[in-house]
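Please read these numbers as outputs of a predicted model, since none were measured by experiment. The analysis underlying the following values was restricted to heavy atoms, covering all of them including side chains, and did not include hydrogens, waters or symmetry mates.
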2 protein chains.
Amino acid sequence: MRYSHQREEILKIVQSTRCHPTADWVYDEVRKVIPNVSLGTVYRNLNQLVNTNNINALNDGPVIRYDGFMEMHDHFKCKKCDTIYDIDHHSMNIIYELNQNTNHTISNYSLNLEGICCDCVETTNN
Amino acid sequence: MRYSHQREEILKIVQSTRCHPTADWVYDEVRKVIPNVSLGTVYRNLNQLVNTNNINALNDGPVIRYDGFMEMHDHFKCKKCDTIYDIDHHSMNIIYELNQNTNHTISNYSLNLEGICCDCVETTNN
DNA sequence: GTATATGCAAACAATTTGCACGCCT
DNA sequence: AGGCGTGCAAATTGTTTGCATATAC
């Protein structure tokens with residue numbers, strides 16, 4: 001994989017946030033630095049960065065979100081404000097425990113939690 | 001919600017399988033019984049059945065899969081054959097434990113596991 | 001110099017929606 | 001009779017891809 005200015009900026013942007021951005025959000029950010037970048041380039045580079053294990057992809061309904069934080073962790077999505085929070089969890093324990101209980105060989109997982117977040121709980125009745 | 005023959009057949013079909021079908025698969029099955037059914041109708045009814053808690057939706061990359069088995073359970077997807085298996089798990093324990101460890105109110109979750117399934121493990125070196 | 005990366009726009013795939021007509025109640 | 005459900009086709013959304021040009025090495 002050859003160096004490219006676009007890819008460098010895209011990686012830097014994804015690594016600099018914990019907001020689990022979409023390709024569109026990344027596109028808007030990259031354009032602040034490289035105004036004529038194209039959305040196709042953003043998608044191509046995000047896919048490459050996922051394949052080379054520099055970032056992670058997680059799906060959120062029909063859209064793909066990207067995550068530059070590479071320690072194993074889970075996610076919690078607030079049903080009210082749609083924010084996705086990181087949740088620290090005993091990843092290896094889950095995989096170990098599940099490998100004990102099934103015939104399959106589990107190599108990775110994603111745990112997606114939903115509910116009402118701590119910021120929304122005060123004001124909601126849902 | 002008024003009765004419709006289409007919706008009844010769609011529900012029956014989703015409830016009769018454990019293969020986590022896509023809308024397209026359901027569409028093909030419904031056509032065997034109601035040949036002139038439309039794909040739009042299948043999608044509309046699947047969405048209604050999800051909203052009325054008769055079936056569940058789970059996302060598998062860009063596609064939505066449907067599940068007529070309503071007990072809380074998790075899923076394991078084989079990286080080789082793409083089969084999605086049901087995994088029984090201590091759902092309430094996870095939610096309880098996680099509610100203890102976070103400030104959020106977790107109401108539901110989906111745990112998606114990946115790896116090599118028991119049928120593929122013999123023949124794979126991946 | 002050569003191959004990979006880019007910008008652009010068109011293609012794609014899954015899902016949703018608008019509309020006129022049909023069928024449940 | 002009235003309104004929800006349908007079939008059909010077009011629209012929408014998120015993502016991918018083909019192609020000619022630009023750039024890294």
Side-chain angles (χ1 to χ4, degrees), chain A residues 1-14 19-68 75 77 82 84 110 112, chain B residues 1-14 19-68 75 77 82 84 110 112:
Chain A
M1 187 161 60
R2 208 160 67 176
Y3 170 85
S4 94
H5 182 201
Q6 284 84 341
R7 189 181 309 116
E8 180 179 46
E9 291 299 332
I10 288 167
L11 177 58
K12 205 187 298 178
I13 286 163
V14 176
C19 77
H20 313 93
T22 61
D24 256 318
W25 188 94
V26 175
Y27 177 51
D28 286 342
E29 291 299 306
V30 188
R31 268 195 302 187
K32 292 178 185 167
V33 186
I34 308 173
N36 66 323
V37 73
S38 79
L39 186 54
T41 295
V42 171
Y43 273 105
R44 265 186 296 236
N45 280 304
L46 288 169
N47 281 337
Q48 272 184 88
L49 292 167
V50 170
N51 291 335
T52 54
N53 268 292
N54 288 101
I55 65 176
N56 279 134
L58 56 122
N59 45 359
D60 179 26
V63 319
I64 306 174
R65 293 183 172 274
Y66 298 90
D67 194 345
H75 295 109
K77 179 177 181 174
D82 286 345
I84 294 178
S110 86
N112 291 87
Chain B
M1 188 162 58
R2 209 163 62 176
Y3 170 84
S4 95
H5 182 202
Q6 285 84 339
R7 189 183 307 116
E8 181 180 45
E9 290 300 331
I10 288 167
L11 177 58
K12 206 187 298 177
I13 286 165
V14 176
C19 77
H20 313 93
T22 60
D24 255 318
W25 188 94
V26 175
Y27 177 50
D28 287 340
E29 291 300 307
V30 188
R31 270 194 301 186
K32 293 176 185 168
V33 187
I34 308 171
N36 67 323
V37 72
S38 79
L39 186 55
T41 295
V42 171
Y43 273 105
R44 265 185 297 236
N45 280 304
L46 287 170
N47 281 337
Q48 271 184 88
L49 292 167
V50 169
N51 292 334
T52 53
N53 269 292
N54 287 101
I55 65 177
N56 279 136
L58 56 123
N59 43 1
D60 179 26
V63 319
I64 306 173
R65 291 182 173 275
Y66 299 90
D67 194 345
H75 295 110
K77 179 179 181 173
D82 286 345
I84 295 177
S110 85
N112 290 87

Is there a side-chain contact between A:Leu39 and A:Asp24, using heavy atoms and a 4.5 Å cut-off?
yes
By nearest-nucleotide position on DNA chain C, the 5'-leaning member of B:Arg2 and B:Gly40 is B:Gly40
Item checked: Backbone of B:Gly61 reached by a side-chain donor or acceptor of A:Asn59 within 3.5 Å -> yes
With a 4.0 Å cut-off (strictly under) to non-hydrogen atoms of chain B, the first and last hit nts on DNA chain C, 5' to 3', are C:dA14 to C:dT25
To the nearest angstrom, the CZ-P distance between A:Arg65 and D:dT13 comes to 16 Å
Rounded to whole Å, the NE2-P distance (B:His5 to D:dG7) equals 11 Å
One should read off an interatomic distance between A:Thr41 OG1 and A:Glu9 CD, to the nearest 0.5 angstrom, of 13.5 Å
Are any of the side-chain heavy atoms of B:Tyr27 and B:Val30 separated by less than 4.5 Å? no
The answer to which of A:Leu39 and A:Met1 contacts DNA chain C further toward the 5' end, by nearest nucleotide, is A:Met1
Rounded to whole Å, CD1 of A:Ile64 lies from P of D:dT13 at a distance of 17 Å
Flag the pair B:Val14 / B:Leu49 as yes when at least one side-chain heavy-atom distance between them is below 4.5 Å, and no otherwise.
no
query: Side-chain contact, heavy-atom cut-off 4.5 Å: B:Lys12 with B:Val33?
result: no
Residues at least two apart in sequence or cross-chain that pass salt bridge (charged side-chain N to carboxylate O under 4.0 Å, His left out) with B:Asp60, listed by chain then number, are B:Arg65, B:Lys77
Those residues at least two apart in sequence (or on a different chain) that pass salt bridge (charged side-chain N to carboxylate O under 4.0 Å, His left out) with B:Arg7 are none
note: B:Gln6, atom CD; D:dC4, atom P; distance rounded to Å ~ 17 Å
Between the CE atom in B:Met1 and the OG1 atom in B:Thr52, the distance rounded to the nearest 0.5 Å is 4.5 Å
By nearest-nucleotide position on DNA chain D, the 5'-leaning member of A:Thr41 and B:Arg7 is B:Arg7
The correct set of residues in residues 42-52 of chain A placing a heavy atom under 4.0 Å from DNA chain C is A:Arg44, A:Asn45, A:Gln48
Here the distance between atom P of D:dG5 and atom CD of B:Glu9, to the nearest Å, is 17 Å
Residues in residues 22-38 of chain A with a heavy atom under 4.0 Å of DNA chain C, by number, are A:Asn36, A:Val37, A:Ser38
Tightest non-hydrogen contact, residues B:Tyr66 and B:Ala23, listed as CE1-N, 4.0 Å
Rounded to 10°, the helix from C:dG1-D:dC25 to C:dT25-D:dA1 deviates from straight, judged by its five-pair end axes, by 30°
In terms of heavy-atom contacts, A:Ile55 and A:Gly68 come closest through CG2-CA, 4.2 Å
Note: A:Leu58 and A:Asp67 closest approach over all heavy atoms is CD2-CB, 3.9 Å
>> Are A:Arg44 and A:Asn47 packed together at the side-chain level, in the sense that at least one heavy-atom pair is separated by less than 4.5 angstrom?
In response: no
